[in-house]
K.L.:
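This is the structure, below, for whatever I ask next.
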2 protein chains.
Amino acid sequence: MHQSNDYFMTLPERTVERLSEYRRSLLQCLEEGKTHIFSHELANLHHNTAVQVRRDIMFIGYTSMQRKGYDVRELVDVIGEILDSEMGLNVAVIGIGNLGRAFTTYFVGKRSKLNIIATFDVDTTKIDRVISGVKCYPLSRLKEVVETHQISIAILTVPADSASEVAAQLVEAGIKGLMNFTTIPLNVPNEVFLDEYDMITSLEKVAYFVKSPRE
Amino acid sequence: MHQSNDYFMTLPERTVERLSEYRRSLLQCLEEGKTHIFSHELANLHHNTAVQVRRDIMFIGYTSMQRKGYDVRELVDVIGEILDSEMGLNVAVIGIGNLGRAFTTYFVGKRSKLNIIATFDVDTTKIDRVISGVKCYPLSRLKEVVETHQISIAILTVPADSASEVAAQLVEAGIKGLMNFTTIPLNVPNEVFLDEYDMITSLEKVAYFVKSPRE
DNA sequence: GAAATATTGTTAATTAAATCACAGCTTCGA
DNA sequence: TCGAAGCTGTGATTTAATTAACAATATTTC
Ligand SMILES: NC(=O)c1ccc[n+]([C@@H]2O[C@H](COP(=O)([O-])OP(=O)(O)OC[C@H]3O[C@@H](n4cnc5c(N)ncnc54)[C@H](O)[C@@H]3O)[C@@H](O)[C@H]2O)c1
Ligand SMILES: NC(=O)c1ccc[n+]([C@@H]2O[C@H](COP(=O)([O-])OP(=O)(O)OC[C@H]3O[C@@H](n4cnc5c(N)ncnc54)[C@H](O)[C@@H]3O)[C@@H](O)[C@H]2O)c1
């Protein structure tokens, strides 16, 4: 079927991921003073093919200056229009332990349309303090803070045994996107976008392919 | 084409991931005293379908007692035979900063066939100390330590600007599997299994689907 | 002990993603 | 000014992954 470049069409998940990655490389190119880039060059920076790059770019309806490659600045902007929300989105980290802190510290350093503006915990030694540059609230104030600060995305880094319960509270509080770093698979309603990353599983997968390489 | 249950066949990547996840749920079931489980029950614990579960289990050549569901203990063992290496594999964490420490601390608590037995860094305040329960070596001793301790898997959590260089050293040192947590895509030879996880990209993807939900 | 029910294992169909193949611009060099 | 070369954009094809469909089989019920 034909792919139009409608504004309202949703892109394939993998394409969205690659666009995010392309953008980072492109920003790097800009810093190095590179103004144009060919599809095969961008492909080489990531490990994929020129066709894949062109197809991804086709999805977002951008077309290059023929034979000069893509205008880096323009492409960055077009990707931004696709990926970013105009006035940014607010993010909260739930469970500010080792992983939550590592993530928050890392992310707060970056400028971005996504802002980590609150963290939540149940540990009274953390509540009401500023940790990794962000204020920590008691979980009991979740709904109130989510509403007043219009937080739409949550990053879940609580211990496994409270993951399901906290996830339910997040849904109830009106969160629209959830990144789950716990090892517990979550069930959330369809309208909440859920991304789960399980480091243990990833590591076991690597181990499997080390033991049983392909072909 | 027909899938035989040959010992040497390599499984689809997604199937390997799901098997790892199933195993964790199954171990949990065992603790709760559950001895048998139906495909649809296992499916419910993860968010997938009974058919998917049955197909995954078909891949590993295990068959249940008809109508009683799968024997949990047996299934755990069969998955173990597929995923685990007999005497385990040794793992190193490269760059023991915020993320490396979070990961190591978390993982060392678990018993597993995978053992984090070394970490590496260039920061002299860390070198030769025990961090998160594991000894930290200077990166300069990488090859030597990898060889003597037979380390086959590395977890890369160094700053972005040294990622490529360190990855090359890891390959050179004989690492066979690499988990890349940096935001730099790496190029490694085909025989090294590479898994990359980019948290920023994941978060941007969540933001995109929050902004543009599917249908 | 026959019919109804529940569940598996597997083939076939569908869907989604990646790759191939090539026509069509653009620029360049002669 | 014309042909050759280099890249892009996209329809057609292939490949991989998921889902549907159902026959086979064990268990329960009456
Ligand atoms: N650390 C890692 O690299 C890693 C790797 C894989 C998975 N995980 C998962 O990430 C999660 C967090 O890991 P961690 O190492 O940061 O653990 P951690 O114990 O360091 O941190 C957990 C934090 O959550 C807080 N907390 C507990 N209950 C809470 C609740 N109901 N609401 C809000 N906060 C609550 C705790 O006070 C603590 O601050 C775990 O579920 C773990 O399975 C972590
Ligand atoms: N923290 C996160 O949650 C997060 C999220 C996304 C990506 N990352 C990526 O993970 C990497 C590490 O992040 P972090 O937050 O832990 O950073 P960090 O600065 O806390 O840790 C980096 C560690 O690597 C060490 N190091 C520096 N150069 C090295 C070298 N050549 N060899 C070995 N060790 C070296 C440093 O001494 C430090 O201990 C970064 O590349 C970052 O892009 C981290």
Side-chain angles (χ1 to χ4, degrees), chain A residues 1-6 9-22 26 34-72 74-75 78-79 185 190 201 205 209 214-215, chain B residues 1-6 9-22 26 34-72 74-75 78 185 201 205 209 214-215:
Chain A
M1 220 242 269
H2 173 251
Q3 281 299 350
S4 80
N5 44 6
D6 281 349
M9 172 193 104
T10 40
L11 307 175
E13 196 163 328
R14 294 289 297 114
T15 294
V16 173
E17 290 179 13
R18 284 189 299 260
L19 289 172
S20 159
E21 286 158 14
Y22 298 159
L26 292 169
K34 197 168 163 60
T35 62
H36 290 79
I37 191 166
F38 295 127
S39 58
H40 66 266
E41 291 178 299
L42 194 45
N44 280 345
L45 293 177
H46 302 269
H47 15 63
N48 70 165
T49 64
V51 197
Q52 180 77 79
V53 168
R54 295 207 299 275
R55 166 90 45 200
D56 288 333
I57 289 175
M58 193 186 115
F59 270 120
I60 63 177
Y62 177 69
T63 75
S64 71
M65 341 206 48
Q66 283 267 16
R67 262 244 33 175
K68 278 224 181 76
Y70 301 97
D71 182 301
V72 179
E74 278 178 23
L75 188 48
V78 175
I79 294 177
N190 227 287
T201 286
K205 178 179 69 174
F209 284 106
R214 297 188 249 225
E215 86 256 29
Chain B
M1 216 241 268
H2 173 249
Q3 281 299 353
S4 79
N5 45 6
D6 282 347
M9 169 192 107
T10 40
L11 306 175
E13 197 164 326
R14 294 289 295 115
T15 294
V16 173
E17 290 180 13
R18 283 189 298 260
L19 288 173
S20 158
E21 286 159 14
Y22 297 159
L26 292 169
K34 197 167 163 59
T35 62
H36 291 78
I37 191 166
F38 296 127
S39 58
H40 66 266
E41 291 179 299
L42 194 45
N44 280 344
L45 293 176
H46 302 268
H47 17 63
N48 69 166
T49 65
V51 196
Q52 181 76 80
V53 167
R54 296 207 298 276
R55 175 156 302 272
D56 288 333
I57 289 176
M58 194 186 113
F59 269 120
I60 63 177
Y62 176 70
T63 76
S64 71
M65 341 204 50
Q66 282 268 17
R67 262 261 10 193
K68 278 226 182 71
Y70 301 96
D71 182 302
V72 179
E74 278 178 24
L75 188 47
V78 175
T201 286
K205 178 179 69 173
F209 283 107
R214 298 188 249 225
E215 83 257 29

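Labels below follow one simple rule: chain letters A, B, ... track the order of the sequence lines, proteins then strands, and each chain is numbered from 1. Everything numeric in this text was worked out from a predicted model, so none of it was measured.
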K.L.:
Has B/Y62 got a side-chain N or O lying under 4.0 Å from the OP1 or OP2 atom of C/dT8?
P.N.:
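Looking at the OP1 and OP2 atoms of C/dT8, neither is under 4.0 Å from any side-chain N or O of B/Y62.
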K.L.:
Nearest-Å distance, CG (B/D71) to C1' (C/dT8)?
P.N.:
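My rounded result for the distance is 15 Å.
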K.L.:
Between the base of C/dT11 and the side chain of B/R55, is there any donor-acceptor pair under 3.5 Å?
P.N.:
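Such a pair exists between side chain and base.
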K.L.:
Are A/K68 and D/dC7 close enough that a side-chain N or O sits under 4.0 Å from OP1 or OP2?
P.N.:
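No, because none of the side-chain N or O atoms of A/K68 sits under 4.0 Å from OP1 or OP2 of D/dC7.
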K.L.:
Would you mind telling me which residue lines up with the more 5' stretch of DNA chain C, B/G69 or A/Q52, judged by nearest nucleotide?
P.N.:
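That would be B/G69.
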K.L.:
Tell me which nucleotide among C/dA17, D/dT10, C/dT10 gets nearest to the side chain of A/R54.
P.N.:
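Closest nucleotide among those given: D/dT10.
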K.L.:
In Å, rounded to the nearest 0.5 Å, how long is the span from CG of B/N44 to OG of B/S39?
P.N.:
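Output value for this atom pair is 9.5 Å.
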K.L.:
Using whole Å, what does the distance between atom P of nucleotide D/dG9 and atom CD1 of A/I60 come to?
P.N.:
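From A/I60 CD1 to D/dG9 P: 11 Å.
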K.L.:
Salt bridge or not for B/R14 and B/E17, using N-O below 4.0 Å?
P.N.:
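Yes, B/R14 and B/E17 are salt-bridged.
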K.L.:
Is B/S64 close enough to C/dG9 that one of its side-chain N or O atoms is under 4.0 Å from OP1 or OP2 there?
P.N.:
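For B/S64, the contact criterion (side-chain N or O under 4.0 Å from OP1 or OP2 of C/dG9) is met.
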K.L.:
For B/R14 and D/dT15, what is the distance between atoms CZ and C1' respectively, to the nearest whole Å?
P.N.:
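Atom-to-atom, B/R14 to D/dT15, this comes out as 17 Å.
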K.L.:
Mind checking whether A/V78 and A/I57 have side chains closer than 4.5 Å, heavy atoms only?
P.N.:
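The answer is no, as the side chains (C-beta and beyond) never meet within the 4.5 Å cut-off.
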K.L.:
Report the distance from atom CZ of B/F59 to atom C1' of C/dT10, rounded to the nearest whole Å.
P.N.:
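About 12 Å, once rounded to whole Å.
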K.L.:
Calculate the interatomic distance between A/E41 atom CD and D/dC7 atom P; express it in whole Å.
P.N.:
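In whole Å, D/dC7 P and A/E41 CD are 8 Å from each other.
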K.L.:
Figure out the NE2/P separation between A/H36 and D/dT8, and round it to whole Å.
P.N.:
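The distance from NE2 of A/H36 to P of D/dT8 comes to 12 Å, rounded to the nearest Å.
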K.L.:
Provide, to the nearest angstrom, the distance between the CE atom belonging to A/M58 and the P atom belonging to C/dA23.
P.N.:
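My rounded result for the distance is 18 Å.
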K.L.:
Does the side chain of B/I60 reach to within under 4.5 Å of the side chain of B/L75, using non-hydrogen atoms?
P.N.:
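Yes, side chains in contact.
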K.L.:
In whole angstroms, how far is the C1' atom of D/dA17 from the CD atom of A/E13?
P.N.:
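Atom-to-atom, A/E13 to D/dA17, this comes out as 14 Å.
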K.L.:
Would you please classify the geometry between the B/H46 ring and the B/Y22 ring as parallel, tilted or perpendicular, with 30° and 60° separating the classes?
P.N.:
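Perpendicular, since the angle between the ring planes exceeds 60°.
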K.L.:
Is B/R18 near enough to D/dT18 that one of its side-chain N or O atoms lies under 4.0 angstrom from OP1 or OP2?
P.N.:
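True: B/R18 side-chain N/O within range (under 4.0 Å) of D/dT18 OP1/OP2.
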K.L.:
Give the nucleotide from the list C/dT7, C/dT19, D/dT8 with an atom nearest to the side chain of B/H40.
P.N.:
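Of all the options, the side chain of B/H40 is nearest to C/dT7.
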K.L.:
What contact category does A/T15 fall into here, base, sugar-phosphate, or nothing, at under 4.0 angstrom with non-hydrogen atoms?
P.N.:
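No contact at all - A/T15 keeps every heavy atom at 4.0 Å or more from the nucleic acid.
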K.L.:
OP1 or OP2 of D/dT8 versus the side-chain N and O atoms of A/S39: is any pair under 4.0 Å?
P.N.:
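For D/dT8, OP1 or OP2 has a side-chain N or O of A/S39 closer than 4.0 Å.
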